[in-house]
Peer 1: 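Here it is, the structure, as structure tokens.
Every value quoted in this text rests on a predicted model; they were computed, and no experiment measured them. We count ligands from 1, going down the list as the structure has it; atoms in each ligand are counted the same way.
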Amino acid sequence: MAYIEPAPIKDIENPFESMMSRFDVAAQILGLDPATYNVLKTPTKQVIVALPITMDNGQVRVFEGYRVIHSNILGPAKGGIRYAMDVNIDEVKALAAWMTWKCAVVDIPYGGAKGGITCDPRSMSAGEIERLTRAYTMALIDVFGPDKDIPAPDMGTSQREMAWLMDEFSKAHGTTITAVVTGKPLVLGGSVGRVEATGRGVMVSAFAAMEKLKINPFKATCAVQGFGNVGSISAKLLHERGVKILGVSDVSGAYFNENGINIEEAIAYRDSNNMSLEGYQNAQKITNEELLALEVDVLVPAAKEDVITPENVHNLRCKLIVEGANGPTSAKADAVVQEKGIMAVPDILANSGGVTVSYFEWVQNRLGYKWGLDRVQRRSDRILKEAFDKVYNTAQKHDTTLRIGAYVVAIDKVAQTYKFRGGF
Ligand code: NAD
């Protein structure tokens with residue numbers, strides 16, 4: 001089967017290569033037919049738009065915006081919009097495919113998409129960002145839609161941009177259409193529980209994995225890298241359920257206390273300190289590299305991609321990795337994680353609580369009804385737990401890792417849908 005030569009893993013990995021190397025292994029296990037393989041490798045739609053904006057100084061600048069729909073075979077495409085200087089079409093393509101697998105693994109009826117604008121939002125005024133967001137929405141007015149493609153926030157964007165996008169889209173259609181975007185402010189149809197959703201999914205995945213490894217949560221120790229939305233909420237929810245968090249970190253460094261970090265206190269400190277842990281007192285300061293190497297039961301990388309690398313993977317002393325961040329383990333390091341006998345709950349499963357509650361937001365918008373927090377949490381916990389069990393059983397069946405198991409579950413679902421729908 002020459003068509004499924006696994007993509008070589010290069011020394012310098014990019015997200016697309018990382019993703020494809022795993023995709024290829026899963027495709028091999030599934031014995032994916034060449035036609036479906038090639039369809040799934042190729043995004044369904046790629047759009048590049050020019051966005052001329054009048055800046056505050058009166059000059060017109062032209063920005064470039066992107067939207068890639070990797071697949072919409074399972075339903076409308078879903079994925080965030082990123083504002084950053086290094087956004088480019090290749091990165092957006094990789095992230096769009098990632099969204100396809102993430103939605104498929106938790107079995108929500110969405111395809112995968114991603115978008116972005118090459119810009120530096122920190123150097124722009126709110127007015128400039130608003131004009132840019134509205135121009136982007138208008139340029140993609142035929143792409144977006146509650147039944148077609150539903151954006152969400154990503155790096156450099158937040159509920160503020162989603163509100164502008166929803167407003168511009170609604171004006172163009174002459175009626176308020178909240179379901180065109182998720183991650184909106186609560187008052188505009190956002191969902192309760194969305195802010196905590198990703199961290200909560202990390203906690204649910206960690207508990208499901210600890211059960212398999214027979215780790216008693218009340219005796220378990222944990223280190224969490226990254227103390228933003230995902231890291232701090234994962235730490236808080238694990239801590240509340242009896243897990244001792246020995247270390248936390250952010251871009252300022254890492255903080256270790258062998259008796260356990262008081263997470264509520266650390267969050268309060270961060271909130272009062274310009275969202276930084278810099279200067280946090282009730283712990284010993286160590287480096288982020290030392291945090292990754294702590295002897296703990298559970299390690300939650302929840303900061304950024306490619307932090308567990310071929311260079312540092314040998315230092316890991318945890319039993320379980322739960323990937324809060326997207327792509328924290330490079331594909332090359334993955335093999336060593338496996339050799340060391342560490343269980344790793346992959347990103348597309350562990351951090352899918354966010355997209356799951358985004359899906360609930362869209363459902364509520366379409367129903368014209370608001371769910372309570374209890375319903376949101378109960379349903380997302382159940383979806384995450386069921387997805388974990390399915391991935392675990394698939395991995396056992398094929399004698400492979402949870403990561404490959406997750407790709408097998410996701411690719412199989414998409415491939416089966418193609419088979420039933422036919423058309424090529
Ligand atoms: P965030 O911006 O709220 O927080 C990021 C945290 O990581 C901050 O504490 C920052 O200081 C820290 N950090 C940055 N660089 C670091 C470094 N080199 N070493 C140590 N810490 C560093 O971001 P977030 O929303 O929590 O997202 C974190 C990760 O989770 C990203 O990979 C993101 O793509 C992924 N993710 C987020 C969501 C979500 O719902 N927010 C959903 C799925 C995946």
Peer 1: For ligand 1, which part of Ala302 has a heavy atom less than 4.0 Å away: the side chain, the backbone, both, or neither?
Peer 2: backbone
Peer 1: Between Ser125 (side chain only) and Glu128 (backbone N and O only), is there a donor and an acceptor less than 3.5 Å apart?
Peer 2: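 A pair under 3.5 Å: yes.
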Peer 1: Would atom 26 (O) of ligand 1 count as contacted, meaning some protein heavy atom under 4.0 Å?
Peer 2: yes
Peer 1: Taking only heavy atoms of Lys304, which atoms of ligand 1 are found under 4.0 Å from at least one of them?
Peer 2: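 Result: 15 (N), 16 (C), 17 (C), 18 (N).
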Peer 1: Indicate yes or no: does an N/O atom of Asn326 lie under 3.5 Å from an N/O atom of ligand 1?
Peer 2: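 Right, the criterion is met.
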Peer 1: Of all the non-hydrogen atoms in the protein, which one sits nearest to atom 9 (O) of ligand 1, and at what distance?
Peer 2: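 Closest protein heavy atom to atom 9 (O) of ligand 1: Phe227 N, 3.0 Å.
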Peer 1: What do you reckon, does Gly228 have a nitrogen or oxygen under 3.5 Å from a nitrogen or oxygen of ligand 1?
Peer 2: yes
Peer 1: Residue-level breakdown please: for Glu196 versus ligand 1, do any non-hydrogen atoms fall below 4.0 Å on the side chain, on the backbone, on both, or on neither?
Peer 2: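 It is neither part, as no heavy atom is under 4.0 Å.
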Peer 1: Could you tell me if Asp24 and Gln28 have a donor-acceptor pair between their side chains, going purely by distance under 3.5 Å?
Peer 2: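 There is no such pair between these side chains.
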Peer 1: In the complex you have, is atom 11 (O) of ligand 1 within reach of the protein, judged by whether a heavy-atom distance drops under 4.0 Å?
Peer 2: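 Yes, there is one.
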Peer 1: Report yes if some N/O of Ser249 lies less than 3.5 Å from some N/O of ligand 1; otherwise report no.
Peer 2: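 Checking ligand 1 against Ser249, no N or O pair falls under 3.5 Å apart.
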Peer 1: Which of the atoms in ligand 1, numbered in the order shown and given with their element, are less than 4.0 Å from a heavy-atom of Ala325?
Peer 2: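 Counting atoms of ligand 1 from 1, those under 4.0 Å from Ala325 are 29 (C), 30 (O), 32 (O), 35 (C).
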Peer 1: Quick one: do the Glu161 and Ser158 side chains pair a donor with an acceptor below 3.5 Å?
Peer 2: yes
Peer 1: To which protein heavy atom is atom 3 (O) of ligand 1 closest, and what is the distance rounded to 0.1 Å?
Peer 2: Asn229 N, 3.0 Å
Peer 1: How about Thr133 and Tyr83: does a side-chain donor come under 3.5 Å of a side-chain acceptor?
Peer 2: yes
Peer 1: Could you check whether Arg22 makes a cation-pi contact with Trp101, meaning its NZ or CZ is under 6.0 Å from the centre of the six-membered ring and within 45° of the ring axis?
Peer 2: no
Peer 1: Quick one: which ligand 1 atoms are inside 4.0 Å of a heavy atom on Asn288?
Peer 2: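 By the 4.0 Å cutoff, the relevant atoms are 19 (N), 20 (C).
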Peer 1: Got the closest protein heavy atom to atom 14 (C) of ligand 1, with its distance?
Peer 2: Val251 CB, 4.1 Å
Peer 1: Looking only at protein heavy atoms, identify the closest one to atom 31 (C) of ligand 1 and say how far it is in Å.
Peer 2: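 Closest protein heavy atom to atom 31 (C) of ligand 1: Ala303 O, 3.6 Å.
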Peer 1: Would you say Gly231 and ligand 1 have an N/O pair spaced under 3.5 Å apart?
Peer 2: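 By distance alone, the answer is no.
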Peer 1: May I ask you to identify the nearest protein heavy atom to atom 24 (P) of ligand 1, giving residue, atom name and distance to one decimal place in Å?
Peer 2: Val230 CG2, 3.9 Å
Peer 1: Hey, does Thr198 come in under 3.5 Å of ligand 1, counting only N/O atoms on both sides?
Peer 2: yes
Peer 1: Between Thr157 and Arg82, is any side-chain donor less than 3.5 angstrom from a side-chain acceptor?
Peer 2: no
Peer 1: When you compare the side chain of Asn282 with that of Tyr269, does any pair of heavy atoms fall below 4.5 Å?
Peer 2: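 With C-beta onward as the side chain, the pair stays apart.
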Peer 1: Would Tyr359 and Tyr110 count as a close aromatic pair, with their ring centres under 6.0 Å?
Peer 2: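 Between Tyr110 and Tyr359, which both carry aromatic rings, the centre distance is below 6.0 Å.
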Peer 1: Taking atom types as modelled, is there a side-chain donor on Lys45 or Asn72 under 3.5 Å from an acceptor on the other?
Peer 2: no
Peer 1: Does even one non-hydrogen atom of Glu289 get within less than 4.0 Å of ligand 1?
Peer 2: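 Checking ligand 1 against Glu289, which is what was asked, there is no heavy-atom contact under 4.0 Å.
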Peer 1: Any salt bridge linking Lys285 with Glu290? Criterion: basic side-chain nitrogen under 4.0 Å from a carboxylate oxygen.
Peer 2: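 Salt bridge flag = no for Glu290 with Lys285.
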Peer 1: Got an N/O contact under 3.5 Å between Gly354 and ligand 1?
Peer 2: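 No, no N or O pair falls under 3.5 Å.
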Peer 1: Just which atoms of ligand 1 are under 4.0 Å from any heavy atom in Asp250?
Peer 2: 9 (O), 11 (O), 20 (C), 21 (N), 22 (C)
Peer 1: Identify, by atom number and element, the atoms of ligand 1 in contact range of Arg194, meaning under 4.0 Å from any of its heavy atoms.
Peer 2: 40 (O)
Peer 1: Under 4.0 Å from ligand 1, counting heavy atoms only, is it the side chain of Asn351, its backbone, both or neither?
Peer 2: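 For Asn351, backbone and side-chain atoms both sit under 4.0 Å from ligand 1.
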Peer 1: Looking only at side-chain N and O atoms, does Ser191 offer a donor or acceptor that is under 3.5 Å from a partner on Gln364?
Peer 2: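 Short answer, yes.
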Peer 1: Side-chain donor-acceptor pair under 3.5 Å between Tyr66 and Asn88, yes or no?
Peer 2: no
Peer 1: For Asn274 and Ser276, does a side-chain donor sit closer than 3.5 Å to a side-chain acceptor?
Peer 2: no
